Amino acid sequence: MTAELGVFFLVLAFLVALLQSVYLLPVAPLRKMLATIVPLCAWLQSFFVTLALATLATLRLNSDFTVKNVVEHSNLSLPTIYKFAGTWGNHEGSMLLWVFVLALFGALLASSRDKIKLYATAIQSILCAGFLIFILYTSNPFDRVFPPTTDGQALNPLLQDIGLVLHPPLLYLGYVGFSIVFSLAVAALIHGVADKVWANIVHPWIMASWSALTLGIGLGSWWAYRELGWGGWWFWDPVENASLLPWLSGTALLHSNIVLKKRNMLAQWVILLSIITFALSLLGTFLVRSGAITSVHSFASDPERGIFILGYIIITVGSALFLYGLRAGLLASKERMLPVSREGMIVINNLFILSACVTVLLGTLYPMFAELVSNDKITVGAPYFEVSFIPLMAIPLIFAGLVPFMPWKKASLRKAIIAATPAIIATLVAAFLVLAFAESKIISAICGFSLAAWLAAASVQWLFNAHGKHGRYSVFLGHLGAAFIVVGITASGLWKEEAHLLVKNGDSATFAGYNLLYENSSDVAGDNYTAKRAEILVSGKDNKPLARLFPEYRNYPVGGTTTSEVDIYYSITGDLYSVTGEMANGGKTTLRLYFQPMINLIWLGFVLMALGGITACLSNKKQKWEV
Amino acid sequence: MKPKHQRLLFVIISMVFLCVGTVLTMSAFRSNLIFFYSPSDLQKYVAENKPSEEKTLRIGGLVKAGSIKSNDDNVDFIITDGNADIEVAYKGIVPNLFREGQGCIAEGILSADGKFIAQRILAKHDEKYLPREVVDALKRSGKWQGGDAQ
């Protein structure tokens, strides 16, 4: 009975969403009547979707093997936390999570009663209704299976990780968070006003969504680093790119929205970016859910779903862009913008970030189009992304250091550079330090480290200069985070070491300045797997023992999957990363070792950036919308 | 400088940046396209073109039964789609699920003597999972035995 209850909740939520969307009909008496109901509906809708999600979680926790979703993605031996988290570890459940966030944000926005929010809530309900139909028709998580089974199939062991518990919800908070920005943008187009006040309403939503997306991407890459056993953290996998795209346009959006907030200009641009960002979020969903591209993430490949999502994108984004074409003229600003000013620089940065976004988009979508057009199967190699993306992002980062030294309206480049003297000195010092200490790849290292030093020093200087000013912490944290990421990428990208060894008990090796002793291997058993566990003694140059590493080669009998569980020795200089493989002939085991200098700064950077976004979100002054 | 000149300068600089960026991006793009071939396709391709050792390719199919010969960290094997075979040489440690009869994608170059020198064997996580390219290749060669799930 419980599963049918889930469907019932979804249908109820759909009906409420429909009622809510009637508000958009331009009939004045109807609007007046509905104005009081709309926020209530938004809450009710969110409530029903929450109940549906809770129903699915309950079914999984109770291991109800009459439900297809539970049979296919859960089993009795699965630890409880993964029974729960696995709710969104499959296509149907993750779509339910998507709608949950859509409805939740709609409800959070609807708590107030001004006009623009009412419009936005109604638009959000249309977005929600579309996804509810999608779930009910193509991916119902509550489908029964007949006959029922006594045990389920395996959950992919790679998904059995703390990363899974947090990564999808955060990523979705980000992706779907931009839906509310989209709804507010369309509401502004309908209303015909997008000014400072609008920018203030949308500001916390942009910041919150962007922060969640930042954390989600960071967590995803951290998960890939620890679970996949390839020693890397970013693979330019189409699905990773799909999350990077809205992040990039979201980054452009959050900066230009600040211009709208402070200077009351760029309204058209901000509205367009709001639409694009959500469109890219939807594109990401389409890429993952349609199976149009091969990827570690594509757990569902069903053309019908792909077509549905594509139709959804065309209808929602298409009509938003149509409305934009009709109404954007109303939003033109009378203020003149000078290129050498803070807002001018932000616009230039926006263009670079969007160019980077386009290069990633090209590399991600091209294989799909090539296959459609010429039936060629093509992969775009990682070097393409590195060559095109890195320089395109380096330029806005240089500007990001300079912009805080420029005032709004009109600035002087000369004055800005004089003001930035301490940061410039820090940059030069970094370059000299690299020259003095680096042993290889000096030019790239100088570029990377100087850029990071420049950005970090400039943000510290900003913190002091902007003493007492509103929002100073968010700029400081955000830009400092970016600097950390640059250091992490530069150091680990340039000086990563790698070794593949065939070892037997008692073998020793030196690697990346460590002495390693392969002590022995033993068989161990976990809740739902058996494993061969290696034991490696790590000691420093002076033979002082530092740590023991226990990488495992796991075999999951349900589903017949094997994985490598890596073990990492963390130190200030970097990570010593070990992966073990199968026993080869002659009693030898394969052992892969990586040394990743300063790689953890990347994740620290992601966290700092997200904190910057969160502080910006919290420090937003409350402003009421005048109707 | 007058605002007018300033704006002109701004436009010129951005155009230059844009052009340089586009040229760089397109050249990077071209040199990094990796084409996928099934063993049959590759035979056809070799018959028509001279293999270039500079071009990175991907090939995929099943690892032929009885073909894996490993010697320390050198692994030689054959990738087949049932109609055509390609000899592959790889130096390094193969991924966990690299087995005879399993699907496999190799990335590398085709040497002048027709042997494929793999630089990377793509990792797979699940023995039920076959890369879509491999499934298509097997379907085209008529050796596909699975359902229509993919």
Side-chain angles (χ1 to χ4, degrees), chain A residues 154 156-158 228-230 291 293-294 296 298 301 336 338-340 344 348 351-352 355-356 358-359 362-363 366-367 370-371 375-389 391-392 395 500-502 553-555 559-564 579 581-582 584-585 588 590-592, chain B residues 1 3 6-11 13-14 17-18 20-22 24-38 41 56-58 60 70-73 91-99 105 107 120 122-137 140 149-150:
Chain A
N156 188 337
L158 286 166
L228 294 183
W230 301 335
I293 41 179
T294 351
V296 280
S298 40
S301 51
R336 280 249 341 264
L338 295 174
V340 184
I348 297 175
L351 296 178
F352 275 107
S355 313
V358 170
T359 59
L362 177 73
Y366 188 81
E371 196 175 341
N375 217 13
D376 281 336
K377 290 186 190 302
I378 294 174
T379 314
V380 179
Y384 159 72
F385 293 104
E386 282 155 17
V387 169
S388 59
F389 183 76
L392 274 172
I395 296 166
H500 292 211
L501 305 171
L502 264 177
Y553 180 75
R554 287 188 183 169
N555 189 355
T561 314
T562 51
T563 64
S564 293
V579 194
E582 269 174 297
N585 36 0
K588 285 189 172 177
T590 57
L591 189 65
R592 272 180 295 138
Chain B
M1 266 194 295
Q6 227 175 22
R7 231 179 310 157
L8 189 69
L9 189 72
F10 175 68
V11 170
I13 293 176
S14 15
F17 265 115
L18 192 70
V20 174
T22 314
L24 284 179
T25 307
M26 289 325 286
S27 70
F29 190 64
R30 276 174 172 221
S31 55
N32 282 299
L33 282 186
I34 305 169
F35 282 80
F36 175 90
Y37 296 93
S38 73
D41 289 341
T56 302
L57 313 170
R58 274 189 186 186
S70 61
N71 176 12
D72 278 345
D73 57 352
K91 188 174 163 59
I93 291 170
V94 292
N96 292 338
L97 272 170
F98 180 82
R99 303 254 165 79
I105 287 186
E107 189 178 298
R120 220 149 65 103
L122 295 193
K124 293 210 319 287
H125 315 305
D126 183 340
E127 65 184 14
K128 278 182 290 190
Y129 171 77
L130 262 183
R132 202 163 51 97
E133 287 89 344
V134 173
V135 173
D136 286 350
R140 274 182 288 135
Q150 294 273 340

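When reading the values below, keep in mind they use all heavy atoms of this one structure, side chains included, and skip hydrogens, waters and symmetry mates. From a predicted model like this one, the values you see are computed outputs, not experimental measurements. Order of the sequence lines fixes the chain letters, A, B, ..., with proteins taken first and strands second; residue numbering starts at 1 for each chain.
- Ranking Leu591(A), Val358(A), Ile348(A), Leu362(A) against chain B, the residue ahead of the rest is Leu362(A), based on heavy-atom pairs under 4.5 Å.
- A 4.5 Å side-chain heavy-atom check between Val380(A) and Leu33(B) finds at least one atom pair inside the cut-off.
- The two atoms that bring Gly381(A) and Ile34(B) nearest to each other are CA-CD1, 3.9 Å, heavy atoms only.
- Contact annotation for Leu501(A): only backbone heavy atoms (N, CA, C, O) come within less than 4.5 Å of a heavy atom of chain B.
- Legend: residues meeting ring pair (Phe, Tyr, Trp, His ring centres under 6.0 Å) with Phe29(B), ordered by chain and number and at least two apart, are Tyr366(A), Tyr384(A).
- With a 4.5 Å cut-off on non-hydrogen atoms, Val387(A) touches chain B through its side chain but not through its backbone.
- With a threshold of 4.5 angstrom between heavy atoms, Phe385(A) does not approach chain B through any atom at all.
- The part of Ile395(A) that comes within reach of chain B is its side chain, from C-beta onward, which places non-hydrogen atoms under 4.5 angstrom from that chain.
- With rounding to the nearest 0.5 Å, the separation of CG in Leu57(B) from OG1 in Thr379(A) is 10.5 Å.
- Looking only at heavy-atom pairs under 4.5 Å with chain B, the residue among Ala370(A), Pro383(A), Ser388(A), Ala382(A) that has the most is Pro383(A).
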